[in-house]
Amino acid sequence: MKEFELIQAYFSQRFESLLIQSGQHGVILGIGDDCALLSPCSNHELAITVDTSVADRHFPSDAPAYAIGYRALAVNLSDLAAMGATPRWITLAITLPEVDQDWLLAFSQGLADLCFEHNVMLVGGDTTKGPLSITIQAMGEVESGKALRRDGAKIGDKIYLAGELGLAHAGLKHWFERSKSQQHDDLIDAYLKPEPKIREALTVAPFASSAIDISDGLMADLGHICERSSQKNTVQAHIYLSKLSLPQVLYDGSQVDDKTLYNPIDAALTGGDDYALCFTVAESQEAGLLSAYTDQSEQHQLAQLTCIGQVTHPTASLDKVICWDDRTETQQPYIVSKTGFQHF
Ligand code: ADP
Ligand code: MG
């Protein structure tokens, strides 16, 4: 199969129906020329992000091809969500070790299903041979001046989470142990097929002061909000274990492994790969946020929304984020064993 035929069969044809279904979708010219030509809406800014997923680094290479396609896109759409942007177009640069048609069919199906769900169009890319790696560039639009940035958190703001923590980390552990233990498909799915919190983000955006998606763990990512929001006044985030409402399945004895020192609280705080949305809201905006979220939940299934803490003036501690263990009367800082995934 030649490169051109491959692109036709697995990428351009699959998306033609979406283009027809949704009208022009801002695409003047899609796959097939030297560049795509796109037409953004007026009074909007373009939000652009790119993420590479390398086999056996960002996902297990023996994961189902459908999930690999779905996940590679989900992590990018999650970044658009965290800016309060509406996703519109993607490009795909894929490096394949060989042409495996069954694999490509499933991969492009995973990619297309998530694109269709959010009305996102594939408009170009690049196809090369080599160790499996997938780079997706995602482009979205946000009304001028309305993007949800990391640097907007203010002292007194409440800290909210849309989504659940710890499931993906537990899922990855179960993926590697799946031959030894019983299947935990729901947990494995939380890792392999994360749901980008797009509807959630668009619902909270008018009320939020800052936002980030949780890819490297709550402690690390909330730390980024504090860092970026400390340009004028230094801010600190205080979160509370009692409010995190960790999913019961994380505590389920049969799923906790002493040998690997699996700790559900640490998994939730630092495990990463959750793609939950963390954001801050001024107290004066809270009532509006909660009522908008309830209204939207009646039409769409939205992720669980939880207030987990507050932004304050810095205390004696130099940490950007302090997690309080308030499960007993004498509240004390909870010390996590590690803080977020780092590549280098
Ligand atoms: P060029 O050599 O000009 O970069 P290519 O032969 O790489 O062109 O690609 C031909 C067309 O197919 C381009 O429009 C490109 O955007 C598109 N394309 C290539 N690979 C992919 C892919 N994996 N997914 C979507 N479009 C692709
Ligand atoms: Mg090219």
Side-chain angles (χ1 to χ4, degrees), residues 1-41 46-81 85-141 192-194 196 198 275:
M1 184 177 235
K2 298 227 174 68
E3 188 187 316
F4 176 75
E5 291 165 350
L6 185 156
I7 296 164
Q8 275 285 319
Y10 298 106
F11 300 116
S12 50
Q13 275 168 11
R14 220 176 239 291
F15 281 82
E16 263 161 25
S17 60
L18 178 63
L19 206 53
I20 294 160
Q21 245 176 50
S22 61
Q24 280 306 302
H25 212 72
V27 181
I28 310 293
L29 191 60
I31 296 173
D33 213 311
D34 295 313
C35 290
L37 296 175
L38 307 173
S39 176
C41 294
L46 265 184
I48 301 185
T49 180
V50 63
D51 260 308
T52 296
S53 301
V54 175
D56 295 321
R57 175 97 207 157
H58 300 100
F59 62 88
S61 51
D62 56 349
Y66 181 95
I68 295 175
Y70 193 98
R71 188 173 194 283
L73 178 59
V75 303
N76 278 284
L77 295 189
S78 178
D79 279 324
L80 289 182
T86 304
R88 299 205 65 189
W89 311 290
I90 59 165
T91 61
L92 163 71
I94 186 164
T95 305
L96 295 164
E98 60 192 338
V99 176
D100 174 340
Q101 302 208 28
D102 291 339
W103 191 96
L104 273 164
L105 193 66
F107 170 86
S108 60
Q109 186 69 56
L111 187 77
D113 282 354
L114 189 56
C115 278
F116 277 51
E117 195 182 325
H118 296 289
N119 229 3
V120 174
M121 190 64 201
L122 175 66
V123 295
D126 196 25
T127 308
T128 52
K129 188 169 180 178
L132 180 61
S133 160
I134 300 134
T135 298
I136 292 180
Q137 179 188 45
M139 290 157 273
E141 290 180 307
L192 287 179
K193 288 176 56 203
I198 293 166
Y275 298 100

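Order of appearance sets the numbers: ligands from 1, and atoms from 1 within every ligand.
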Participant: Counting only heavy atoms, which portion of Asp126 has something under 4.0 Å from ligand 1: side chain, backbone, both, or neither?
Facilitator: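 Within the 4.0 Å criterion, Asp126 contacts ligand 1 through backbone and side-chain atoms alike.
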
Participant: Looking only at atom types and distance, does a side-chain atom of Asn76 sit under 3.5 Å from a main-chain N or O of Asp51, one as donor and one as acceptor?
Facilitator: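 At least one qualifying donor-acceptor pair exists.
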
Participant: Measuring only between side-chain heavy atoms, which start at C-beta, is Leu6 closer than 4.5 Å to Thr127?
Facilitator: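 Of all side-chain heavy-atom pairs linking Thr127 with Leu6, at least one is under 4.5 Å.
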
Participant: Could you check whether any side-chain N or O of Arg14 sits under 3.5 Å from a backbone N or O of Leu105, counting only pairs where one atom can act as donor and the other as acceptor?
Facilitator: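 Side chain of Arg14 to backbone of Leu105, a donor-acceptor pair under 3.5 Å: yes, one is there.
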
Participant: Would you mind listing which atoms of ligand 1 come within a distance below 4.0 Å of any non-hydrogen atom of Asp34?
Facilitator: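 Once the distances to Asp34 are compared, the set is 3 (O).
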
Participant: Hey, does the side chain of Asp100 reach the backbone of Asp102 with a donor-acceptor pair shorter than 3.5 angstrom?
Facilitator: yes

Participant: Which atoms of ligand 1 are found less than 4.0 Å from any heavy atom of Ile94?
Facilitator: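 Listed by number with element, the hits are 23 (N).
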
Participant: Could you list the atoms of ligand 1 found under 4.0 angstrom from a heavy atom of Gly32?
Facilitator: 11 (C), 13 (C), 14 (O)

Participant: Give the atoms of ligand 1, by number and element, whose distance to some non-hydrogen atom of Asp33 is under 4.0 Å.
Facilitator: 13 (C), 14 (O)

Participant: What do you reckon, does Gly125 have a nitrogen or oxygen under 3.5 Å from a nitrogen or oxygen of ligand 1?
Facilitator: yes

Participant: Can you check whether Leu80 reaches Ile198 side chain to side chain, under 4.5 Å on heavy atoms?
Facilitator: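 A side-chain contact is absent here, since even the closest heavy-atom pair is not under 4.5 Å.
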
